[in-house]
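What you are looking at is a predicted structure, and each value in this text was computed from that prediction instead of being measured. Start at 1 and go down the list; that is how both ligands and their atoms are numbered.
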Amino acid sequence: MKIVALAGGVGGAKLADGLAQLSFGADLTVIVNTGDDFEHIGLKICPDLDTVFYTLAGVANPVTGWGRAEESWRALEIVETLGGPTWFRLGDLDLGLHLERSRRLRSGETLSQITSDFCCTLGIGAQILPMSDDVVPTRVYTNEGEMPFQEYFVHRQCHPVVSGFRFESVEDAQPAPGVLDALTKADLVIFCPSNPWVSLDPILAVPGIRDVLSSKGRIVAVSPIIGGKAVKGPAAKMYTELGIQPSALSVARHYADLLSGFIMDKIDAELHESIMDLGIETCLTNTLMTTQEDRYRLAEEVVEFGVM
Ligand code: GDP
Ligand code: CA
């Protein structure tokens, strides 16, 4: 069975990790948001891609969900001593990857080629694909003006009030090699519990992706909103600021035209009928992934429900 997962960073990587542990893990393709990517201290940083990569490689920091385990911060201490920017945390081990990737990008290789080589080197069985090799930076409209995504997300810690998003140059972007092919051949497409606005919408905005998805029968999404709240990050805050009540129902509506099924948390059982009214089958289960076992169990349930 061929499975494609669409993912952002922390929430997406956890479910992708569970999917990769299933017996058909080798037939898993994870298409990852690159709208968060940016240039920082002379290096190309791909936060979501790296979170998925580190998680599937088993070297992710278990506490933060992003960055690497057993990280040290000596290089950044020097940057600080010299008066450079330190608001974006880059550990020593992490920096090693950014140095090598930036070097290869400068020599003309594509992000998808480099990612594929890194996956081979670390023995990752699943295929990890950036949504595009083109640069499609997410811009956030806020009450303090329009700003680059990482300025909003990390530097300003999501304090500005959002009024919308823009995926710069997305109309000229192409899906990375392998993306449309994987989607076309997939028996099941899974929208991971990622931020709908800034993790999955950028992927869906890349020309061609939505068209392929529109012709697929089996697409399921896992709600990143549980009990009206995000497990982590600004998804719920964004819904509220955009004038929409944050809920599993709002997430289901967000993707309603594409979904055949929706996986939501048991604590949201009262929304179940409203989601069924959208013409979407629903599955109620525990969707919070705290342990490694949670990831595996949820992945198994999502696939079982998705192919039904
Ligand atoms: P980011 O790019 O690092 O922000 O990560 P994602 O966009 O992939 O994931 C962020 C979303 O994941 C947030 O909206 C969280 O609510 C959601 N999330 C994180 N952990 C879990 C979990 O264990 N279960 C579910 N259902 N959602 C989660
Ligand atoms: Ca992200």
Q) Does ligand 1 have a heavy atom under 4.0 Å from the side chain of Asp48, from its backbone, from both, or from neither? A) side chain

Q) Atoms of ligand 1 less than 4.0 Å from Ala235 heavy atoms? A) 14 (O)

Q) Which atoms of ligand 1 are found less than 4.0 Å from any heavy atom of Asn195? A) 6 (P), 7 (O), 9 (O), 10 (C), 11 (C)

(Q) Distance under 4.0 Å to a non-hydrogen atom of Ser199: what atoms of ligand 1 satisfy this? (A) 2 (O), 6 (P), 7 (O)

Q: May I ask you to list the atoms of ligand 1 that are less than 4.0 angstrom from any heavy atom of Gly9?
A: 1 (P), 2 (O), 3 (O), 5 (O), 6 (P), 8 (O)

**Q.** Minimum-distance N/O/S atom that Asp48 presents toward the Ca ion (ligand 2)
**A.** OD1

Q) Quick one: nearest non-hydrogen protein atom to atom 25 (C) of ligand 1, plus distance? A) Thr287 O, 3.4 Å

Q: Please state which part of Ile226 comes within less than 4.0 Å of ligand 1, counting heavy atoms only: side chain, backbone, both or neither.
A: side chain

**Q.** Distance filter under 4.0 Å to Lys232 heavy atoms, resulting ligand 1 atoms
**A.** 13 (C), 14 (O), 15 (C), 16 (O)

Q) Atoms of ligand 1 less than 4.0 Å from Gly12 heavy atoms? A) 8 (O)

Q.
Just to be sure I read this right, does ligand 1 sit under 4.0 Å from the backbone of Ser194, its side chain, both, or neither, counting only heavy atoms?
A. both

Q. Near Leu288, which atoms of ligand 1 are under 4.0 Å from a heavy atom of that residue?
A. 23 (O), 24 (N)

Q) What N/O/S atom of Asp36 gets nearest to the Ca ion (ligand 2)? A) OD2

Q: Check the pair Trp66, Tyr54 against ring-ring contact (aromatic ring centres under 6.0 Å, His included), reporting the backbone distance first and the verdict last.
A: CA-CA 8 Å; Trp66 56 268; Tyr54 290 148; over 10 Å; no

Q. Hey, does Ala13 come in under 3.5 Å of ligand 1, counting only N/O atoms on both sides?
A. no

Q.
Heavy atoms only: which of Ala7, Ser223, Pro224, Gly233 lies closest to atom 26 (N) of ligand 1?
A. Ser223

(Q) Could you identify the single nearest non-hydrogen protein atom to atom 9 (O) of ligand 1 and state the distance to 0.1 Å? (A) Gly11 N, 3.1 Å

Q: Please identify which atoms of ligand 1 are closer than 4.0 Å to at least one heavy atom of Lys14.
A: 20 (N), 21 (C), 22 (C), 23 (O)

Q) What is the nearest protein non-hydrogen atom to atom 5 (O) of ligand 1, stated with its residue, atom name and distance? A) Val10 N, 2.9 Å

